[in-house]
Amino acid sequence: MDDGFKTETFLRGPKLEDFEYLGCKVGQGTYGQVYKARRKDIPDDRSYALKEIESQGFSLSTCRETSLLRELKHPNVINLLGVILCHTDRKVLLLLDYAEYDLCQMIKFHKTSKKDKKPVKMAKGTIKSILYQILEGIQYIHSSGVLHRDLKPANILIMGEGIQRGRVKIADFGFSRLFRNPLKPLTEVDNVVVTLWYRAPELLLGDKHYTTAIDMWSVGCIFAELLTYEPIFSCRQENNRENSPYHHDQLDSIFRVMGFPLETDWEDMKEMPEYITLQEEFKPCNYSNNTLVKYMEKQNINPTSKDVAFLQKLLVMDPNKRITSEQALKDAIFQKEPFPTGDVFSGLEIPYPERKFVESDTSDRRGKKRKYSTTSGAQQSDQTQGQYGKQIRMSNPTTLSE
Ligand SMILES: CNc1nccc(N2CC[C@H](NC(=O)Nc3ccc(CN4CCOCC4)c(C(F)(F)F)c3)C2)n1
């Protein structure tokens with residue numbers, strides 16, 4: 001860690017006692033708690049996220065996340081403002097701009113309103129602006145030589161009221177799992193089920209030479225879900241061979257929508273490591289009448305719409321034929337009204353409830369029970385197996401320098 005960063009962050013940066021917790025813990029508690037906080041040392045009405053890293057001091061995971069976030073600076077990527085160490089706990093906290101909403105809870109809000117017979121639709125301009133800003137953020141991440149690998153609604157955050165109102169921020173709640181149990185399959189780590197619903201077919205067939213196209217498949221899955229409020233390739237969690245990238249049920253879920261890829265659709269499919277297993281376990285004729293357009297029509301989306309035409313460029317089985325983020329940003333869909341806006345809620349009230357927090361493990365670090373005030377929490381989305389948090393006060397926090 002270069003001296004400049006150390007000085008900027010630990011000597012002159014904010015200290016934990018400069019913050020008061022608003023008591024919101026969100027995200028997968030397993031990978032470190034995230035709290036909502038405000039500055040109390042200076043007049044500042046912004047909210048901040050403090051991500052507590054689940055490790056003693058600077059582990060590989062902390063360093064990797066910190067260095068990645070220091071390098072990745074873009075309006076549509078989560079912004080690291082600083083790193084704080086709490087001496088008493090030997091905990092490291094990342095200080096970030098707080099994002100009030102995520103696509104998971106937003107989609108759930110619209111889906112529930114539909115069920116409650118008082119449908120509240122997501123505005124077309126909001127959908128297009130969210131898609132455009134995700135593409136801008138992922139284009140930047142890809143141009144930095146990095147793949148995200150876990151794009152899904154739970155990792156797409158949106159800023160609430162304030163100077164960044166309605167701005168998309170790409171995040172990665174499960175980031176630490178990559179370093180906590182690197183040997184464990186990424187389908188289950190620390191008893192947290194990692195969803196496969198957004199995983200590209202080449203990854204499910206064991207491709208080791210995957211490219212940025214894997215993230216574009218996930219963007220397609222997210223776009224389809226913004227249009228229908230349903231995950232396009234959902235499937236139940238399955239037990240599969242340890243450490244195997246092959247997931248029968250997830251592939252079946254894809255083929256049920258897309259149809260089984262013909263040789264001409266995806267020439268290199270037969271080169272995939274799991275192609276033999278695929279041939280043994282699947283009969284192409286079982287999927288012969290399935291197409292993406294038919295699926296969207298069944299979901300009451302106009303099959304001849306520009307949205308479906310664009311979705312067909314993202315959800316392409318052959319990664320070499322899938323649209324890139326650069327090509328996607330230039331697509332005609334963004335040259336037509338409603339044009340994408342910087343505030344995805346532009347001109348609209350924000351209808352979503354703010355994040356709440358619930359009772360959770362109130363034993364403190366010394367195992368003593370503490371009284372924490374809590375309020376009932378919003379439902380956890382399917383993709384985050386996390387928990388909502390509690391009011392918390394850090395005792396005797398300092399930064400590295402003290
Ligand atoms: C609830 N509100 C809220 N507001 C703001 C932030 C925030 N959190 C919670 C934890 C999350 N942490 C991250 O998002 N970490 C993260 C770590 C690394 C990277 C870089 N990627 C590089 C490619 O591989 C995947 C990780 C990212 C990034 F860039 F994807 F956003 C985020 C950020 N929560």
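Remember, it's 1-based here, ligands and their atoms both numbered in the order they're listed. Computation of the quantities below employed the complete heavy-atom set of this structure, encompassing side-chain atoms and omitting hydrogens, waters and symmetry-equivalent molecules. Note that the structure is a prediction, hence the values are computed from the model and not measured.
- In this structure, of Ile158, Leu157, Leu80, Asn155, the residue bringing a heavy atom nearest to atom 34 (N) of ligand 1 is Leu157.
- Per-residue contacts place Val77 under 4.0 angstrom from the following atoms of ligand 1 (heavy atoms of the residue considered): 29 (F), 31 (F).
- The closest heavy-atom contact to atom 21 (N) of ligand 1, among the options Asp215, Asn76, Leu72, comes from Leu72.
- Which parts of ligand 1 touch Val146 is read off a 4.0 Å heavy-atom cut-off, strictly below it: atoms 22 (C), 23 (C).
- The part of Asp97 lying near ligand 1 is the backbone, judged by heavy-atom distances below 4.0 Å.
- Between Lys15 and Asp41 there is no salt bridge, since no side-chain N of the basic residue sits under 4.0 Å from a carboxylate O of the acidic one.
- Only the side chain of Ala49 comes within 4.0 Å of ligand 1, counting heavy atoms alone; its backbone N, CA, C and O stay farther away.
- Residue contacts with ligand 1: Leu94 is excluded, as none of its non-hydrogen atoms falls under 4.0 Å.
- Less than 4.0 angstrom separates some heavy atom of Ile78 from each of these atoms of ligand 1: 5 (C), 6 (C).
- In the displayed structure, Lys270 atom NZ is contacted under 6.0 Å by more than 12 heavy atoms of other residues, nucleotides or ligands.
- Counting heavy atoms closer than 4.0 Å to ligand 1, residue Glu65 contributes side-chain atoms (C-beta onward) but none from N, CA, C or O.
- Remark: Asp265 does not engage Lys321 in a salt bridge, criterion side-chain N to carboxylate O under 4.0 Å.
- Below 4.0 Å from some heavy atom of Leu147 lie the following atoms of ligand 1, by number and element: 23 (C), 24 (O).
- Residue-ligand proximity: Arg355 is placed with a non-hydrogen atom under 4.0 Å from ligand 1.
- The shortest N or O to N or O distance between Lys51 and ligand 1 is not below 3.5 Å.
- Tyr275 and Glu271 are not linked by any side-chain donor-acceptor pair at a separation below 3.5 angstrom, with hydrogens and angles left out of the test.
- Ion pairing between Glu230 and Lys298 fails under the 4.0 Å rule for side-chain N and carboxylate O.
- Under the 3.5 Å distance criterion, the side-chain polar atoms of Tyr140 are matched with a main-chain donor or acceptor of Lys73.
- Atom CZ of Arg256 has 12 or fewer neighbouring heavy atoms from other residues, nucleotides or ligands inside a 6.0 Å radius.
- Taking every heavy atom of Ile170 and a limit of under 4.0 angstrom, the matching atoms of ligand 1 come to 31 (F).
- When each of Leu196, Leu251, Ile254 is tested with Phe233 by the rule side-chain contact (heavy atoms from CB on, under 4.5 Å), just one qualifies, namely Ile254.
- Side-chain rings of Phe310 and Phe334 approach one another, their centers coming within less than 6.0 Å.
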